[in-house]
Amino acid sequence: MPATHNPKVPAWPPKSAPRLFVENELGEGSIVALEGSHAHYLGKVMRVREGDAVILCDDATGEWAARVKNVDKRRVELTVVEQLRAREEVPDLWLCPALLKKDRFDIVLEKATELGAARILPVITRRCVADKLNLDRARTITVEAAEQCARTALPGIREPVKLDAMLKDWPDDRTLFFADEEGGEAAADAFVFSEGAVAILIGPEGGFDDAERTAIRTHPAARAISLGPRILRGETAAIAAISVWMAEAGDWFDDEAA
């Protein structure tokens, strides 16, 4: 006879279990010792106790259920019990956003993580109001976004580079879609017929200057696209571009139904 679910037995791990990304690769039966902010979060904020469930991700093997083994003032030990999901497959999409003011760039980092960008490559242009990025803080933002959205993969993030250096070293086999406020092919049309590795370049608050626009448009890997008739802020353009690409060519696209 088929197995039946006993409603009196709660699901394990419960959906309310805390979720954390950890640095070490996980495996069944391994012991994970958490200190610092992770231990504070579990012990002081979530008030976990021995036997409680915690969901762990390692950005390598996927998502695992763990059980609290021991809690003290500065350290929480957990035993990894079983794998829940393998690391998700991520479409090969890079986002190349020009640096914005800190709060607005935080939105770019958070939403690019939620939407599934594989890598985030910040770019410095002449009209950028910022020229530095706290990489540790940026990674913290992406990790927190992934934890809140139950993702099992994190985007890679690199140090910001100047636009001319990025164009000089750009890989020949990756299309660079350039969101040009002065116009280009409709993004949805360009994306639906794109194949292989791609990236999307988003400009700063003041836009690209004429010399930068010329350099981008003449690059052999670049394709100018339009994100519609309205002027968008940098963070809005990044979110819109990723969303349209995911719908037309990424993992929102159902190729079996096409």
Side-chain angles (χ1 to χ4, degrees), residues 59-62 85-98 108-123 125 142 145-146 149 151-204 207-208 212-230 232 234-258:
D59 197 28
T61 63
R85 290 188 291 162
R87 185 183 187 274
E88 67 194 78
E89 294 186 7
V90 180
D92 191 7
L93 171 65
W94 295 0
L95 177 67
C96 304
V108 174
L109 294 170
E110 178 181 272
K111 302 311 176 186
T113 301
E114 293 180 27
L115 290 166
R119 292 185 67 186
I120 302 171
L121 289 70
V123 182
T125 69
T142 62
C149 294
R151 291 205 56 199
T152 59
L154 297 171
I157 309 177
R158 74 170 188 191
E159 290 279 1
V161 298
K162 292 186 177 180
L163 177 64
D164 55 357
M166 186 195 80
L167 294 176
K168 179 181 178 181
D169 296 332
W170 193 257
D172 296 334
D173 59 349
R174 183 174 294 272
T175 302
L176 179 62
F177 288 110
F178 161 45
D180 188 352
E181 63 268 27
E182 293 194 357
E185 185 179 3
D189 293 338
F191 293 160
V192 75
F193 295 112
S194 65
E195 296 182 356
V198 302
I200 301 174
L201 174 61
I202 304 293
F208 296 99
E212 290 172 332
R213 182 172 289 103
T214 298
I216 299 166
R217 280 183 169 266
T218 56
H219 193 282
R223 289 178 61 183
I225 59 170
S226 170
L227 295 176
R230 287 165 286 279
L232 305 178
E235 66 272 25
T236 308
I239 295 168
I242 298 175
S243 300
V244 174
W245 188 87
M246 286 293 178
E248 297 290 354
D251 56 10
W252 298 1
F253 177 68
D254 184 0
D255 55 0
E256 294 182 358

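Everything quoted here is computed from the prediction, not taken from an experiment. Excluded from the calculations below are hydrogen atoms, water molecules and symmetry mates; all remaining heavy atoms, backbone and side chain alike, are included.
Of all heavy-atom pairs spanning C96 and A199, the tightest one is SG-CB, 4.1 Å. Smallest separation of non-hydrogen atoms from L227 and A179: CD1-CB, 4.0 Å. Scanning both residues, A146 and A153, for their nearest heavy atoms gives CB-O, 4.3 Å. Of all non-hydrogen atoms in A98 and G203, the two that sit nearest each other are CB-C, 3.5 Å. Counting all heavy atoms, side chain and backbone alike, A238 lies closest to I202 at CA-CG1, 4.0 Å.
Side-chain contact check for S243 versus W252: some heavy-atom pair is nearer than 4.5 Å. The closest side-chain heavy-atom distance from T214 to F208 is not below 4.5 Å. For the pair V90/R151, a side-chain contact is recorded, criterion being any heavy-atom separation below 4.5 Å from C-beta on. Counting only heavy atoms from C-beta outward, the side chains of L163 and L201 approach each other to under 4.5 Å. The shortest distance between side-chain heavy atoms of V108 and L95 falls below 4.5 Å.
Separating the CZ atom in F191 from the CD1 atom in I242 is a distance of 9.5 Å, to the nearest 0.5 Å. Here the CG-CZ distance, from D180 to F177, works out to 14.0 Å after rounding to the nearest 0.5 Å.
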Next item on the list: Please report the C-alpha distance between L176 and L167 in whole Å, then the side-chain angles of each, then the deciding distance to 0.1 Å, and finally whether the side-chain contact (heavy atoms from CB on, under 4.5 Å) criterion is met.
Entry: CA-CA 10 Å; L176 179 62; L167 294 176; 3.9 Å; yes
Next item on the list: Evaluate the side-chain contact (heavy atoms from CB on, under 4.5 Å) criterion for residues R213 and E181: first the C-alpha distance (whole Å), next the side-chain angles of each, then the deciding distance (0.1 Å), finally the verdict.
Entry: CA-CA 10 Å; R213 182 172 289 103; E181 63 268 27; 2.9 Å; yes
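Between the D59 side chain and the L154 main chain, a donor and an acceptor come within less than 3.5 Å of each other. A donor-acceptor distance shorter than 3.5 angstrom exists from the side chain of R174 to the backbone of V198, with no hydrogens or angles considered. In this structure a side-chain-to-backbone donor-acceptor pair under 3.5 Å is present from T152 to E88.
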